[in-house]
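Excluded from the calculations below are hydrogen atoms, water molecules and symmetry mates; all remaining heavy atoms, backbone and side chain alike, are included. Chain letters run A, B, ... following the sequence lines, proteins first and then strands; every chain starts at 1.
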Number of protein chains: 2
Amino acid sequence: MSSDRTRSAILAAAEKLYADRGFGDVTLRDIVAEANVNLAAVNYHFGSKDELIAELFVTRSLATNRERLNELKLAEEQGGGRAPIDAILHALVGPPLRGCLGPDREGSTAARFMIRASIESVPPIRRIKNREVDHLRKFIAAMRRSLPGRDDAELYWGLHFALAMTHHTIREKERLTKLSEGQCDLNDVDAIVDRVVSVSVMALTAGQTPAKKASVRPAAVHGRLTRQDL
Amino acid sequence: MSSDRTRSAILAAAEKLYADRGFGDVTLRDIVAEANVNLAAVNYHFGSKDELIAELFVTRSLATNRERLNELKLAEEQGGGRAPIDAILHALVGPPLRGCLGPDREGSTAARFMIRASIESVPPIRRIKNREVDHLRKFIAAMRRSLPGRDDAELYWGLHFALAMTHHTIREKERLTKLSEGQCDLNDVDAIVDRVVSVSVMALTAGQTPAKKASVRPAAVHGRLTRQDL
DNA sequence: TTGCAATTCAAACAGTTGTATGAAACTATC
DNA sequence: GATAGTTTCATACAACTGTTTGAATTGCAA
């Protein structure tokens, strides 16, 4: 068994540089300089530059997906196989938002890397994102169980909009802060999650009868379920 | 006055190639080959590759912004200086959605170029997008007039989410079609616009008193205002 | 027609990029 | 301590990039 000190030094250096400067202008030579390893080490350990990027992104997004499914499973167990819709959405949007936002995440290389990956869309990352459909289908299935009456199309739109708000908030947090002149607090992650969840629930339950509508727990009271549970 | 046949041939060729293959792997040599002009013509007419990209993007996004402001102005005039909130949001999200979606837009180079510009984020385009804040402030001002009671932060979040749904729908239309197995109709642009507007209105008016809430016209009845009015 | 500016052109430039090579250094096993 | 396999290293490679140059061509005005 080899000491993979070189390997992980490359991973760490690459993640840091990509997080700081984006994929566009970081070369292999920048990475090996930061990692204090030889240029040929990247191709030796990863095969190619793209495979290095892919490994970085897969690692981080697997972690997010795992968090999501844990939280979903927990919610479904608590609901006897049928989780409330706001809990499902909370499981969907909470992990990426918590992973990328918040004051403690400011210095996190992983967070800034994922934000970069969300903004710039390089080929190896795009390829991986396209395989994410299966993962999302699990949430559609849970939503179907939670809202048995709704058309499937409505569920897809609801999930789509939930992800829209999530990713756009991550991508454009800087611009929203600037536009709102600081009036939108991008550091209060729990509040943001609740906001996204509650709008998503509204999108999904609009047009429902008042009786059904009232049975949906508001997102705010769901705040118990945080990172500690995962 | 010079015949700018070369200039516009470059613009057309560049837009087409960027639309088809993305910014990542289109070189100046590809562009001049497509345009049947000399390599040096790009630098002669535009100064640099980045300035060419910038000019392409500025042209298209100025058109969108003009449409937006026209529609906003019309709505405010009809409302005596105070447009209904759904009309404001319609003016915000309608133009980009109509510009990029719909069956007739499938073959449009301009549409596909703007989708690319939305997916890949190259430096010259990012620089331009960052100047968009002033444009958005006009919509915040209109929203403030429309919903005088609301906190500014709420208005910013509402606008932010409206743009989130708009851009994410444009960016991920392919994936949503795939995920929903065709059950989400990405060709019915008017329905999508109404959907985005109505969710945005809900986000903005949540927590209002029922009396105030009822005074908001549902987005669907606003469908009269389409491209013909602009 | 002459003269002048605007435009086009072929060619080269200067730099960077990811990758491959083959020898050297290391590590663990016998 | 010899050996075999793994890892590191300096270096070269081959291709591609946006940009520049200076001469040739064109178009227009006097």
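- Across the protein-nucleic acid pair, A:Leu39 atom CG and C:dG18 atom C1' stand 8 Å apart, rounded to whole Å.
- Place A:Asn36 and B:Val26 on DNA chain D by their nearest nucleotides, and A:Asn36 ends up nearer the 5' end.
- Residue B:Asn43 places its side chain closer to D:dT20 than to any other of D:dT20, C:dC9, D:dT6.
- A straight line from CZ of A:Arg5 to C1' of C:dC26 spans 12 Å, rounded to a whole angstrom.
- Comparing D:dT8, C:dT7, D:dT21 by their closest approach to the side chain of A:Asn38 singles out D:dT8.
- Rounded to whole Å, atom P of D:dG18 lies 11 Å from atom CG of B:Leu52.
- As rounded to whole Å, 11 Å separates atom P of C:dT17 from atom CD1 of A:Ile31.
- Listed for the A:Asp30 side chain is a donor-acceptor partner under 3.5 Å among the backbone atoms of A:Thr27.
- Contact check, B:His45 against C:dA6: no side-chain N or O comes under 4.0 Å of OP1 or OP2.
- Distance from the side chain of B:Thr6 is smallest for C:dT8 among the nucleotides C:dT17, D:dT19, C:dT8.
- Of the charged side-chain nitrogens involved, at least one lies within less than 4.0 Å of a carboxylate oxygen, so that B:Arg195 and A:Glu154 count as a salt-bridged pair.
- Atom-to-atom, CZ of B:Arg29 to C1' of C:dC9 comes out at 14 Å; the value is rounded to the nearest Å.
- Separating the NZ atom of B:Lys49 from the P atom of C:dG15 is a distance of 20 Å, rounded to the nearest angstrom.
- Separation of the B:Phe139 and B:Tyr156 ring centroids does not fall under the 6.0 Å cut-off.
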Discussion item. Could you walk me through whether B:Asn38 and B:Val32 satisfy the side chain to side chain contact (heavy atoms under 4.5 Å, CB included) test, starting with their C-alpha distance in whole Å, then the side-chain angles of each, then the deciding distance to 0.1 Å, before giving a yes or no?
Written reply: CA-CA 6 Å; B:Asn38 186 271; B:Val32 300; over 6 Å; no
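- Take the nearest nucleotide of DNA chain C for A:Ala40 and for A:Leu28: the residue whose nucleotide is more 5' is A:Leu28.
- Spacing between atom OH of A:Tyr44 and atom P of D:dC9 amounts to 13 Å, rounded to whole angstrom units.
- Between the CZ atom of A:Arg7 and the C1' atom of D:dT6 there is a distance of 15 Å, rounded to whole Å.
- A salt bridge does not link A:Lys138 with A:Glu76: none of the charged nitrogens is closer than 4.0 Å to a carboxylate oxygen.
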